[in-house]
S.K.: 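One structure coming up, written as structure tokens, with questions to follow.
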Amino acid sequence: MPNNIEFSDRLKQLPPYLFAEIDKAKRAAKAQGRDIIDLGIGDPDMPTPQFIIDALTSAAQNNSNHHYALDAGMSQLRQAIADWCKKRFNITLAPDGEIYPLIGSKEGLTHLPLGIINPGDKVLIPDPCYPAYRSSVMFAGGEVVSIHLDEKNGFLPNLSEIKDAKALFLNYPNNPTAGVVSKEYLKNLIAIAKKENIILISDLAYSEVYYDNEKPLSLLEIEGAKDVAIEFHSLSKTFYMTGWRIGWACGNPKLLAALAKVKANVDSGIFQAIQVAATEALKNGDTAVKNMRTLYEDRRDTFVKALKEIGWDVPSPKATFYIWAPIPKTFKNSMEAAKAFLDKADIVATPGVGFGPAGEGYIRMTLTVEKEKLIEAAQRLKKIL
Ligand SMILES: Cc1ncc(COP(=O)(O)O)c(C=O)c1O
């Protein structure tokens, strides 16, 4: 890069990418031909169900799908989203005005602040959290106010801290802690948000990755939520479609209009063949989604049991495919633990501190590898605990 090119102040203020060191070490280990078990990535290992691929393949043959898509997405997709939300959460959403398809939920989550946050506005961000929330607020010039997610409170923000801010990001089931939320808590949260005039930005990317029949709630199930809330959904984890890039936002029409206006200036819609395939997934995907849950539940039970047998008693997640475990006592901090996992056991895991300072003391391991590998991982960890 020529010397006279400088990154913007906006970009320079982003925190260092704490996973970079682990990523580099992982790549080096793989290049050496080591047999790495990667429990680091939040990306399903399974293929997208065939009926969705078939829908894409046939829609891709149709010339009418080859052009710029409408910003607001195809009406058939918005209707399928509305029907799915009705069936799953018993919420009623107008396909025109209360639903907005996205190029993956990350895209919408990160663009929304540009439409609603002014420089200096305070935004409450959980710590630890999915890192995109923090950077999107910084890009918009907002002030990040961290709220500590404490294990003692079930990794829920302390309600007394929900004040003096323009917006709050919320994510249950939670990445990385696997925390879940009750209806009672959400009711209280909405009452506070209304009183304090705080916008609620709910990220429901893991709504379908739950166990023991405890279905996560949509914030929009709570009366009055639509007055203050926008919710982000994703097909990525639900249908093993991370690479396809499709999700949606729903809820308050004015918040959706802000997001739509930003997007109209940034992107040109979602490839229509993907929208057709997503419509098919939402309409006919119930069995596939059930199978997904059964697969992770089996892996979860196997891994938690195997770790217990080697003397590491980790919490069993109620939802998500993440195990968020306090680091074994042998290690000083989460970076040291993750480094030892990789150097001495050829296992990639994510240091909790990468999700924010409050993630220190924890390590995140994903259930996105086969059962046999999870058993093998526990055996390898036995040597270093
Ligand atoms: C909490 C959370 N929200 C959003 C996303 C983004 O998902 P999508 O693939 O829909 O952009 C992820 C992806 O890992 C996530 O963990």
Side-chain angles (χ1 to χ4, degrees), residues 17 19 23 38-46 48 52 73 77 81 84 99-113 125-137 149 155-157 168-181 200-210 216 218-219 229-251 259 263 266-267 270-271 274-275 277-278 281-282 285 289 292 296 317-324 348-350 352 354-356 358-359 362 364-368:
Y17 181 57
F19 303 135
D23 276 354
D38 194 346
L39 309 181
I41 39 172
D43 190 350
D45 55 318
M46 301 296 286
T48 306
I52 304 174
L77 171 61
I81 292 170
W84 186 87
I99 291 173
Y100 209 87
L102 301 168
I103 311 169
S105 66
K106 182 181 190 180
E107 178 264 298
L109 282 159
T110 51
H111 279 138
L112 177 68
I125 310 267
D127 175 16
C129 75
Y130 178 55
Y133 309 151
R134 260 185 233 118
S135 36
S136 69
V137 169
L149 301 188
F155 298 112
L156 295 168
L168 160 74
F169 279 85
L170 192 75
N171 167 223
Y172 295 97
N174 185 262
N175 173 19
T177 69
V180 292
V181 69
L200 298 177
I201 304 167
S202 165
D203 175 359
L204 218 58
Y206 295 90
S207 70
E208 303 317 297
V209 190
Y210 61 84
S218 160
L219 188 57
I230 181 167
E231 190 158 81
F232 288 85
H233 291 254
S234 172
L235 278 81
S236 290
K237 321 286 160 130
T238 306
F239 298 104
Y240 305 143
M241 287 173 73
T242 47
W244 295 54
R245 311 313 303 133
I246 187 151
W248 72 88
C250 54
L259 176 58
K263 281 174 58 60
V266 175
D267 67 65
I270 309 159
F271 179 32
I274 291 181
Q275 297 192 47
L282 291 167
V289 177
M292 173 274 291
Y296 289 136
K318 286 197 163 102
T320 76
F321 45 58
Y322 300 116
I323 302 234
W324 180 248
V348 178
T350 311
F355 300 98
Y362 291 86
R364 194 193 74 175
M365 295 176 288
T366 61
L367 299 169
T368 52

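Heavy-atom basis, side chains included; hydrogens, waters and symmetry copies ignored. In listed order, ligands and their atoms are each counted from 1.
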S.K.: May I ask you to identify the nearest protein heavy atom to atom 7 (O) of ligand 1, giving residue, atom name and distance to one decimal place in Å?
M.R.: S105 OG, 3.3 Å
S.K.: Apply the side-chain contact (heavy atoms from CB on, under 4.5 Å) test between Y133 and each candidate in L168, L170, D203; give the one that qualifies.
M.R.: D203
S.K.: Using the side-chain contact (heavy atoms from CB on, under 4.5 Å) rule, pick out the option among I41, L39, D38 that qualifies with V348.
M.R.: D38
S.K.: What about F355 and Y362, are their ring centers closer than 6.0 Å?
M.R.: no
S.K.: How many angstroms lie between CG in L102 and CD1 in I270, if you round to the nearest 0.5 Å?
M.R.: 6.5 Å
S.K.: Evaluate E107 for polar contact with ligand 1, using N/O atom pairs at a separation under 3.5 Å.
M.R.: no
S.K.: Does any non-hydrogen side-chain atom of T320 lie less than 4.5 Å from one of K237?
M.R.: no
S.K.: Measure centre to centre between the rings of F155 and Y172, then say whether the value is under 6.0 Å.
M.R.: no
S.K.: Which bit of Y206 is near ligand 1, meaning a heavy atom under 4.0 Å away: side chain, backbone, both or neither?
M.R.: side chain
S.K.: Could an N or O of ligand 1 be found under 3.5 Å from any N or O of Y322, whether backbone or side chain?
M.R.: no
S.K.: Rounded at 0.5 Å granularity, tell me how far CZ in F232 sits from CG in L112.
M.R.: 4.5 Å
S.K.: Distance under 4.0 Å to a non-hydrogen atom of G104: what atoms of ligand 1 satisfy this?
M.R.: 10 (O), 11 (O)
S.K.: Can you confirm, on distance only, whether ligand 1 has an N/O atom lying under 3.5 Å from any N/O atom belonging to Y130?
M.R.: no
S.K.: Is the shortest heavy-atom distance from the side chain of Y322 to the side chain of N174 under 4.5 Å?
M.R.: no
S.K.: Which residue owns the protein heavy atom closest to atom 3 (N) of ligand 1, what's the atom, and how far is it?
M.R.: D203 OD2, 2.5 Å
S.K.: Under 4.0 Å, heavy atoms only, figure out whether ligand 1 is touched by the backbone of R245, its side chain, both or neither.
M.R.: side chain
S.K.: Hey, is N171 one of the residues with a heavy atom under 4.0 angstrom from ligand 1?
M.R.: yes
S.K.: Can you list the ligand 1 atoms lying under 4.0 Å from a non-hydrogen atom of K106?
M.R.: 6 (C), 8 (P), 11 (O)
S.K.: Could you check whether the rings of W84 and H233 sit parallel, tilted or perpendicular, using 30° and 60° as the cut-offs?
M.R.: perpendicular
S.K.: Who's the nearest protein heavy-atom neighbour of atom 10 (O) of ligand 1, and how far?
M.R.: S234 OG, 2.6 Å
S.K.: Between S236 and ligand 1, which part of the residue brings a heavy atom under 4.0 Å of the ligand: side chain, backbone, both or neither?
M.R.: side chain
S.K.: When you compare ligand 1 with K237, is there at least one nitrogen or oxygen pair between them that comes in under 3.5 angstrom?
M.R.: yes
